[in-house]
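What follows is a single structure, written as structure tokens, with notes after it.
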Amino acid sequence: MKITWRKSMAVFMALLIAAAVLPFSAGAAGGVDYTIVSPYAAVNWDTYGQYKSNLHTHSIVSDGRDDFNAMIERHYELGYDILAMTDHATVDRSWTEINTNPFITFAMNIDTFGAKPTPLTQERYERISAGTDRGGRGMLRVPFGIEHNAAAFNNTHVNSFFADVNDGYLGGTSYYDHILKSVEEAGGLSVINHPGEYTGAKEDSPDDAYDIADPHYNYIIKKYTNLLLNYRSCVGMEFINKNDSRTKNDRKLWDILLANVIPHGRSIFAFGNSDAHNLSAIDTNWEIMVMPSNTVENLRECMETGAFFAGSRNIKNPKEVARLEAETGLVLGSEWSAESGIVQPKVTSIVVDEREDTIAITAENSKTIHWIADGEVIGVGGKIDLDDCADQIGSYVRAEIWGEGGILYSQPFVLQYDGAPSAQDFPFFDFGYILHFVENIFYFVVQQSKILSALQGLALGD
């Protein structure tokens, strides 16, 4: 076939055009073609509501200092849309007919000498649920809230929802599997609470906490990694709790665990809860659930998919404080309170552009947005171009939205691409199982004894 000059020039020009276009489609700077899995992919930012929730609350049903109905009323007064009552070892089955375990109520709250908790009247419950005195904006009760492992004090605490399971079970120390497994088998969802209390990281500096070279932290990290891989119904962890004193290094733990589990096809969502034991402690932390409407079904789906933000008014990590104060001039911490009137940040849109390898967040009342990968800030501002920081990226990025009224933590955007970190095994034996085995022997002895069984039944109100 005869090749003409004109045809040769056409082929040459086509090659030039292809050479110019191809690098941009694969990522101009990094040369990486990312698939970005966003937890907010299904959100319609124009029509979905944003609902403020607290999923960790105590009353005199266990070790709280204020009455059951008072805790509910205060959250309602402060504008909460969703509330879970999660008293220790006591499943919340109703706000009008309170479930109690007499021994737990008395033993865990000697300050009130076993005072009988006060429920809501049926009429008041209906008004709160419908929001008839709040412009029609009702407050949703999360079914079957409970904090497990009460006998472990602040060790191995787990909250669960949507399943009536383990009521009256005190639980043991250092062992999570029994609770996480039973919640999963019952069809519920669980969240691991304030890990820094158990790990001891609250006592360490940000540099030393969760150092994988330390045998103690190596064990802890493997422990949590295996738990999260084994129990997919455990949707996340409380990486910020109360005034952040015991969780101040737990965002670092979050990043370590994300790097471990995402290559296995698993993500971990951050929760922020007040864990309030009295009225004055309410509204230190929260979640913002982004949903089409405020229903139990939508809430569960939101928790499972990560279409929400953890929020906080507190930060005790000195590295985070120094970074933000230097960048924005914000003075963080003491002036943030429920009564301050300072408006919290609010995300108004998230746009993922896989062609350009960018994620953009717009937010009201924000001062700055930080993008985090593997625990390091890799970008600042409302938009991140992944190609510009390809050498700093592992398997995810997440965002922190900072404003005068608080902090919002986005859930992680999972990144899939050629050369992404591969899944690794984490061989592990949980020594907490030994204590759990001893505990099971104790319960067996109790159940074999008529006298001890009768005492147990009395303690649990059976």
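For the single chain, residues carry numbers from 1 onward in sequence order.
The salt bridge (Lys or Arg N to Asp or Glu O under 4.0 Å) analysis of residues 296-308, with sequence neighbours excluded, yields the pairs Arg300-Glu304. Each side-chain hydrogen bond (donor to acceptor under 3.5 Å, both in side chains) pair with one or both residues in residues 49-59, not counting sequence neighbours, appears once here: Lys52-Asp283, Ser53-Glu287, Asn54-Thr57, His56-His58, His56-Glu147, His56-Glu238, His56-Asp275, His58-Glu147, His58-Asp275, Ser59-Asp87. Residue pairs meeting the salt bridge (Lys or Arg N to Asp or Glu O under 4.0 Å) criterion with at least one partner in residues 203-219, sequence neighbours excluded, are Asp207-Lys319.
Between the CZ atom of Phe271 and the CH2 atom of Trp254 there is a distance of 10.5 Å, given to the nearest 0.5 Å. Interatomic distance, Arg323 CZ to Glu400 CD, rounded to the nearest 0.5 Å: 6.0 Å. Considering OG of Ser366 and CD1 of Ile361, their distance stands at 9.5 Å, rounded to 0.5 Å. Atom CG of Asn249 is separated from atom CG of Asn317 by 5.5 Å, given to the nearest 0.5 angstrom. Of the inter-residue distances, the one linking Asp250 atom CG with Glu197 atom CD reads 10.0 Å to the nearest 0.5 angstrom. In this structure, CG in Asn314 is found 5.5 Å from OG1 in Thr284, a value given to the nearest 0.5 Å.
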Could you check Leu386 against Val32 for side chain to side chain contact (heavy atoms under 4.5 Å, CB included), going step by step and ending with a plain yes or no? CA-CA 9 Å; Leu386 301 178; Val32 179; over 6 Å; no

For Asn273 and Asn241: C-alpha separation, side-chain torsions, deciding distance, then whether side chain to side chain donor-acceptor pair (under 3.5 Å) applies. CA-CA 5 Å; Asn273 290 305; Asn241 171 279; over 6 Å; no

Would you check, one step at a time, whether the test side chain to side chain contact (heavy atoms under 4.5 Å, CB included) holds for Arg141 with Asp92? CA-CA 10 Å; Arg141 170 185 166 264; Asp92 172 29; 3.4 Å; yes

Would Ser395 and Leu258 count as a side chain to side chain contact (heavy atoms under 4.5 Å, CB included) here? Give the steps. CA-CA 8 Å; Ser395 54; Leu258 284 171; 6.0 Å; no

Determine, stepwise, if the pair Trp45 / Thr348 fulfils side chain to side chain contact (heavy atoms under 4.5 Å, CB included). CA-CA 6 Å; Trp45 296 96; Thr348 55; 5.9 Å; no

Pairs under 3.5 angstrom only: tabulate donor-acceptor contacts from the side chains of residues 412-429 to other protein residues two or more places apart or in another chain.
from	atom 1	to	atom 2	distance (Å)
Tyr417	OH	Ile393	O	3.4
Tyr417	OH	Gly394	O	2.6

Ignoring hydrogens and angles, write down the donor-acceptor pairs under 3.5 Å from the side chains of residues 372-385, residues two or more places apart or on other chains.
from	atom 1	to	atom 2	distance (Å)
Asp385	OD1	Asp387	N	2.9

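Here the side chain of Gln411 pairs a donor or acceptor atom with the backbone of Ala270 at under 3.5 angstrom. Looking at Asn149, its side chain does come within 3.5 Å of a backbone N or O of Thr156 through a donor-acceptor pair. Of the possible polar contacts, one joining the Asn226 side chain to the Lys222 backbone as a donor-acceptor pair under 3.5 Å is found. A distance-only check finds no donor-acceptor pair linking the side chain of Asn166 to the backbone of Tyr169 [under 3.5 Å]. Proximity of a side-chain donor or acceptor of Arg134 to a complementary backbone N or O of Tyr76 within less than 3.5 Å is detected. Glu354 contributes a side-chain N or O that, together with a main-chain N or O of Ile36, makes up a donor-acceptor pair within less than 3.5 Å. At distances below 3.5 Å, not a single donor-acceptor pair connects side-chain atoms of Asn278 with backbone N or O atoms of Arg65. Of the possible donor and acceptor atoms, one in the side chain of Asn218 sits under 3.5 Å from a partner among the backbone N and O of Ile212. With hydrogens and angles disregarded, a donor-acceptor distance shorter than 3.5 Å links the side chain of Asp66 to the backbone of Leu279. Judged by distance alone, with hydrogens and angles left aside, the side-chain atoms of Asp430 form no donor-acceptor pair with the main-chain N or O of Tyr175 at under 3.5 Å.
The shortest distance between side-chain heavy atoms of Leu55 and Val191 does not fall below 4.5 Å. Side chains of Ile179 and Ser190 form no contact here, defined as non-hydrogen atoms less than 4.5 Å apart. The side-chain heavy atoms of Asp255 and Arg398, taken from C-beta on, include a pair separated by under 4.5 Å. Considering only heavy atoms from C-beta on, Ile72 comes within 4.5 Å of Leu83 through its side chain. Counting only heavy atoms from C-beta outward, the side chains of Arg313 and Trp286 approach each other to under 4.5 Å. With contacts defined as side-chain heavy-atom distances shorter than 4.5 Å, the pair Leu257/Thr225 qualifies. In this structure, the side chains of Met85 and Trp95 come closer than 4.5 Å at one or more pairs of heavy atoms. No side-chain heavy atom of Pro39 sits less than 4.5 Å from a side-chain heavy atom of Thr305.
Listed here is the closest heavy atom pair of Ser160 and Val165: OG-CG1, 4.3 Å. The two residues Ala163 and Gly187 come nearest to each other via the heavy atoms CB-C, 4.3 Å. Scanning all heavy atoms of the two residues, the minimum distance from Gly405 to Pro345 falls at C-CD, 4.1 Å. Heavy-atom minimum distance, Lys202 versus Lys248: O-CE, 3.1 Å.
Partners of Phe161 according to the ring-ring contact (aromatic ring centres under 6.0 Å, His included) rule, which considers only residues two or more places apart in sequence or in another chain, do not exist here. Under the side-chain hydrogen bond (donor to acceptor under 3.5 Å, both in side chains) criterion, Ser174 pairs with no residue, sequence neighbours left out. For Asn365, the side-chain hydrogen bond (donor to acceptor under 3.5 Å, both in side chains) criterion is met by no residue, not counting sequence neighbours. Residues satisfying the side-chain contact (heavy atoms from CB on, under 4.5 Å) criterion with Ser245, sequence neighbours excluded, are Asn243, Lys316. Residues forming a side-chain contact (heavy atoms from CB on, under 4.5 Å) with Ile240 (at least two apart in sequence, or on another chain): Asp244, Thr247, Arg251, Asn285, Ser312, Tyr409. In this structure, the side-chain contact (heavy atoms from CB on, under 4.5 Å) partners of Asp46, at least two apart in sequence or on a different chain, are Asn44. Taking Glu184 as the reference, Tyr231, Ser233 meet the side-chain contact (heavy atoms from CB on, under 4.5 Å) condition, with sequence neighbours excluded.
Ring geometry, Tyr176 versus Tyr198: the interplanar angle exceeds 60°, so the pair is classed perpendicular (tilted spans 30 to 60°).
Here Asp167 pairs with Arg93 in a salt bridge; the nearest charged N to carboxylate O distance falls below 4.0 Å.
Aromatic rings from Tyr40 and Phe309 are positioned such that their centres are separated by under 6.0 Å. A ring-centre distance under 6.0 Å is not found for Phe144 and Phe162.
Just one of Tyr217, Tyr219, Tyr210 meets the side-chain hydrogen bond (donor to acceptor under 3.5 Å, both in side chains) condition when paired with Thr199; it is Tyr210.
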